[in-house]
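Structure first, then comments.
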2 protein chains.
Amino acid sequence: MPRPLPSQGLAIGDLAARTGLAVSAIRFYETHGILAPVRNAGGHRRYARSDIRRLSFAMAAQKLGLPLAEIAGHLKDLPPDRAISQADWTRISRDLRAGIDARIAALTRLRDKLDGCIGCGCLSLDRCALYNPDDARADEGPGPVLLERD
Amino acid sequence: MPRPLPSQGLAIGDLAARTGLAVSAIRFYETHGILAPVRNAGGHRRYARSDIRRLSFAMAAQKLGLPLAEIAGHLKDLPPDRAISQADWTRISRDLRAGIDARIAALTRLRDKLDGCIGCGCLSLDRCALYNPDDARADEGPGPVLLERD
DNA sequence: CCTTGATCTGAAGTGCGCTTGAGAAATTAC
DNA sequence: GTAATTTCTCAAGCGCACTTCAGATCAAGG
């Protein structure tokens, strides 16, 4: 049972166990500025307790659709030794809510267009509402957004 | 002005001009089973008019969030020489609508959870509703789903 | 002390949807 | 007939979020 003294900090495996993340993911996040652990004499990473919260924040923000670069942007404004406070979270989460609302609105517009298209079947590049650019952003993104079929 | 006889079929550049797609994208789609053009004596691809419609369908389906593999799946059920009919489109688009509805519902649930979290700020891995697995699918996908900030 | 197990680094691989580039051959415009 | 344009193939690169692997070092339990 790994039970390091608090003074030594947490090992990466402990942090992985507590957050449910893979060790490799935590290291990856470090290269992207989410965390900045100190090293012990042997070169191993040692984490503060506040890092659990940084990762919690990152995981929550990812579920809300933020790319890692943005998450890192929010986190680098905070002192590395300080955990995310309630005030931080409230401030940030209000922004996120606006983003979700916009996505819902875009999807709803898309659905309405599709309703108009069912039974039409024209798919005309000139006339079909589906090609209208204003909804193009709704579903794009680096990769496909899977329809939930599970 | 490239104006090939209909008997020769369309060149890839013509198809690109008519659909707005890049030539490279059309070739890429071919490798993924969306199209299967014939070749002329010199080895150049020649497309039928119905291929414009196949690409239109693919573009519309992509806006609805389908990955290329699924689009190819729908298209390979149809004879290569036949264009997408209205009946095809109606059948398929009803499925797609259900998928969009599900995505909207998932995002709405996520938003409601976030509302419960604003002002709470706990981000507790045990208790926070944001970590509840049933919404995890809503935003995952190969890459991040950008919040629309444009 | 010694053996497990955890951790280290850096490079490469994955999946999706493409684009870019090189070098050659075909086609078209004049 | 020649020059300009298009097309050809194949390989590699990109962006995102990671994982996997190899080979070496470090830490901890008995």
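The chains referred to below are lettered A, B, ... by the order of the sequence lines, with proteins before strands, and numbering in each begins at 1.
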Salt-bridge present (A:R111, A:D115; N to O < 4.0 Å): no
Could you tell me how far apart B:I71 (CD1) and C:dG17 (P) are, to the nearest whole angstrom? 7 Å
Measuring from the side chain of A:I12 (C-beta onward, heavy atoms only), which nucleotide among D:dA17, C:dT19, C:dT7 has the closest atom? C:dT7
Pick out which of A:T90, A:I84, A:D88 makes a side chain to side chain contact (heavy atoms under 4.5 Å, CB included) with A:Q86. A:T90
Residue mapping more 5' on DNA chain C - nearest nucleotide basis, B:V23 or A:G13: A:G13
Of the nucleotides C:dT19, C:dG17, C:dC8, which one has an atom closest to the side chain of B:P67? C:dG17
Of all the choices, D:dA17, C:dC18, C:dT7, which nucleotide is nearest to the side chain of B:F28 once you look at every atom? C:dC18
Between B:R109 and B:D112, is any pair of side-chain heavy atoms under 4.5 Å apart? no
Rounded to whole angstrom units, what separation is found between the CG atom of A:L10 and the C1' atom of C:dA6? 15 Å
Determine the contact category for B:R45: base if any of its heavy atoms lies under 4.0 Å from a base atom, sugar-phosphate if only primed atoms, P, OP1 or OP2 are that close, otherwise nothing. sugar-phosphate
B:R46 has its side chain closest, among C:dT7, D:dA17, C:dT27, to C:dT27
Taken to the nearest whole Å, CG/B:D14 to C1'/C:dA26 is 15 Å
Could you say whether A:I26 or A:H44 is positioned toward the 5' end of DNA chain D, judged by the nucleotide with the nearest heavy atom to each? A:I26
Out of D:dT19, D:dC8, C:dT9, minimum distance to the side chain of B:R39 belongs to D:dC8
Round to a whole Å and report the spacing from CG of B:N40 to P of C:dA26. 10 Å
For A:R46 against A:N40, the heavy-atom pair lying closest together: NH2-ND2, 3.1 Å
State which of D:dT20, D:dA17, C:dT19 makes the closest approach to the side chain of B:A22. C:dT19
Interatomic distance, B:L66 CG vs C:dG15 C1' [rounded to whole Å]: 17 Å
Out of D:dC8, C:dT9, C:dC18, whichever nucleotide has its closest atom nearest the side chain of A:R27: C:dT9
Nearest whole Å is fine: how far is D:dA17 C1' from A:M59 CE? 14 Å
Look at the side chain of B:R103 and the backbone N and O of A:L107, then say whether any donor-acceptor pair between them is shorter than 3.5 Å. no
Write down the distance between CG (B:L35) and P (C:dC18), rounded to a whole number of angstrom. 13 Å
